[in-house]
Amino acid sequence: HDGHLLAVGGSDGRLMLVDLVNHQLFRLEGGPGGEITALAFHPQDEWLASAEEGNDPHIILRSLFSRQILKRWKTDGKIYALAISPDGKYLAMGGKNKKITLWEIATATVVKTFEGHEATISSGGLAFNHSGEILASASEDHNVHLWDVKSGNAVILRGHTDDVQSVAFSPDYKQLATSGADGTVRLWQVDSGKELMTLNGHRGIVFKATFFDEGRYLIAAGQDTTLRIWETQSGVTMQILHGHTASVNDVITYQEQAF
């Protein structure tokens with residue numbers, strides 16, 4: 001949460017922590033050795049959760065202080081998305097089985113399963129709001145669900161015409177940004193589920209969209225090798241960032257910085 005650490009994992013099974021302040025690189029060991037498909041930091045930076053393949057898919061929690069494994073448990077199928085509740089007590093995961101499973105971290109037990117999507121939960125496809133009462137999910141079924149965590153009921157956001165790749169709440173949690181394989185980024189009003197704006201410009205899949213600078217701007221990463229920045233109030237494209245020579249698959253922000 002302080003922006004000092006960056007976690008990186010990939011298909012080669014290596015999981016790395018990058019200290020952005022001291023410019024140090026650490027490798028985290030002990031996983032099953034397969035592809036790392038999702039990562040999520042504890043809200044207070046106590047530990048890092050990872051979804052890892054191998055002979056059996058596992059969720060692994062590693063301490064950010066000792067870098068040792070704290071917990072590990074098997075999952076039902078391949079996991080592509082992780083999200084941790086703001087209080088750090090619950091871990092939501094979704095993947096190939098189309099379900100979203102909510103785990104109580106202290107006991108490593110399932111407390112709720114959300115069913116309703118008709119296809120895989122996308123990478124980058126889970127996010128809690130500030131209170132942990134709403135969980136947003138994105139799927140290859142072209143839809144976004146806003147789940148009431150307590151009741152399990154969902155509001156379905158329809159508008160994308162292809163796989164939805166990512167979801168992100170605005171800093172005030174009143175809006176939700178989604179990105180998709182239809183080449184668009186869309187802004188939604190959380191309370192009503194109404195689509196507020198469609199942002200065009202990318203050619204091809206938009207893998208990730210997220211807010212920064214207190215929600216004034218939205219930055220998106222695309223298959224077209226660019227990052228685009230929009231002003232959220234007007235929908236005007238402020239900047240197109242060139243330089244990558246292949247797809248930009250992810251972007252994260254901290255205050256006014258993007259990585």
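No hydrogens, no waters, no symmetry mates; every other heavy atom, side chains included, goes into these values. Quick note: residue numbers are just sequence positions, from 1.
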Visitor: Do Phe207 and Ser247 have side-chain heavy atoms sitting under 4.5 Å apart?
Guide: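 Touching, per the 4.5 Å side-chain cut-off.
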
Visitor: Is it true that, when you exclude Lys78 itself, more than 12 heavy atoms of the residues, nucleotides or ligands shown sit nearer than 6.0 Å to its NZ?
Guide: yes

Visitor: Might you point out which heavy atoms bring Gly201 and Asp224 nearest each other, and give the distance in Å?
Guide: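 Of all heavy-atom pairs spanning Gly201 and Asp224, the closest is O-OD2, 4.4 Å.
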
Visitor: Ion pair present between Lys96 and Glu53, side-chain N to carboxylate O less than 4.0 angstrom?
Guide: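 Not counted as a salt bridge, because no side-chain N and carboxylate O are separated by less than 4.0 Å.
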
Visitor: Taking the side chain as every heavy atom from C-beta outward, state whether Thr226 and His202 have any atom pair closer than 4.5 Å.
Guide: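 The answer is yes, as the side chains (C-beta and beyond) meet within the 4.5 Å cut-off.
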
Visitor: Would you say the side chain of His117 lies within less than 4.5 Å of the side chain of His145, judging by non-hydrogen atoms?
Guide: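 In contact.
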
Visitor: Give, for atom OG1 of Thr210 and atom CG of Asp250, the distance between the pair rounded to the nearest 0.5 Å.
Guide: 9.0 Å

Visitor: To the nearest 0.5 Å, what is the distance between CG (Leu218) and CD1 (Ile229)?
Guide: 9.5 Å

Visitor: Is it the case that more than 12 heavy atoms not belonging to Glu118 sit under 6.0 Å from its CD atom?
Guide: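 Not buried by this count: 12 neighbours or fewer within 6.0 Å.
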
Visitor: What distance separates Ser122 OG from Tyr80 OH, expressed to the nearest 0.5 Å?
Guide: 10.0 Å

Visitor: Would you say Leu6 and Val8 make side-chain contact, with heavy atoms under 4.5 Å?
Guide: yes

Visitor: Check ring-ring contact (aromatic ring centres under 6.0 Å, His included) between Tyr90 and all other residues, then give those that pass, not counting sequence neighbours.
Guide: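 ring-ring contact (aromatic ring centres under 6.0 Å, His included) list for Tyr90, sorted by chain: empty.
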
Visitor: What is the distance from atom CG of Leu5 to atom CD of Gln24, rounded to the nearest 0.5 Å?
Guide: 10.5 Å

Visitor: Heavy atoms, side chains only, cut-off 4.5 Å: are Glu140 and Asp162 in contact?
Guide: no

Visitor: Tell me who clusters with Phe169, hydrophobic residues only, linked when side chains sit under 4.5 Å apart either directly or through other members.
Guide: Ile134, Val144, Leu146, Val155, Leu157, Val164, Val167, Tyr173, Leu176, Trp188, Val190

Visitor: Just to verify, what does Phe128 make a ring-ring contact (aromatic ring centres under 6.0 Å, His included) with, not counting sequence neighbours?
Guide: none

Visitor: So Ile205 and Gln165, do their side chains get closer than 4.5 Å, heavy atoms only?
Guide: yes

Visitor: With sequence neighbours excluded, tell me which residues meet salt bridge (Lys or Arg N to Asp or Glu O under 4.0 Å) with Lys99.
Guide: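 Listed in chain order: nothing, the list is empty.
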
Visitor: Is it possible for you to say whether Val21 and Leu17 belong to one hydrophobic cluster, with membership spreading through side-chain heavy-atom contacts below 4.5 Å?
Guide: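 Hydrophobic grouping puts Val21 apart from Leu17.
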
Visitor: Using side-chain heavy atoms (C-beta onward) and a distance below 4.5 Å, is Thr178 in contact with Val185?
Guide: no

Visitor: Name the atoms and distances for all side-chain donor-acceptor pairs under 3.5 Å in residues 237-244, with sequence neighbours left out.
Guide:
| unit_1 | atom_1 | unit_2 | atom_2 | d |
| --- | --- | --- | --- | --- |
| Thr237 | OG1 | Trp230 | NE1 | 3.1 |

Visitor: By the rule that ILVMFWY residues connect when side-chain heavy atoms come within less than 4.5 angstrom, directly or transitively, which residues belong alongside Trp47?
Guide: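 Ile59, Leu61, Leu70, Trp73, Ile79, Leu82, Ile84, Leu91, Met93, Trp103, Ile105, Val110, all in the cluster of Trp47.
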
Visitor: Any link between Leu39 and Phe65 through a network of hydrophobic side chains (Ile, Leu, Val, Met, Phe, Trp, Tyr) touching at under 4.5 Å?
Guide: no

Visitor: So, are Asp182 and Arg186 salt-bridged, with charged N and O less than 4.0 Å apart?
Guide: yes

Visitor: Determine, using the 4.5 Å side-chain heavy-atom cutoff (strictly less than), whether Leu64 and Leu15 are members of one ILVMFWY cluster.
Guide: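 Yes.
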
Visitor: Salt-bridged, Lys150 to Asp148, with N to O below 4.0 Å?
Guide: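 Salt bridge flag = no for Asp148 with Lys150.
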
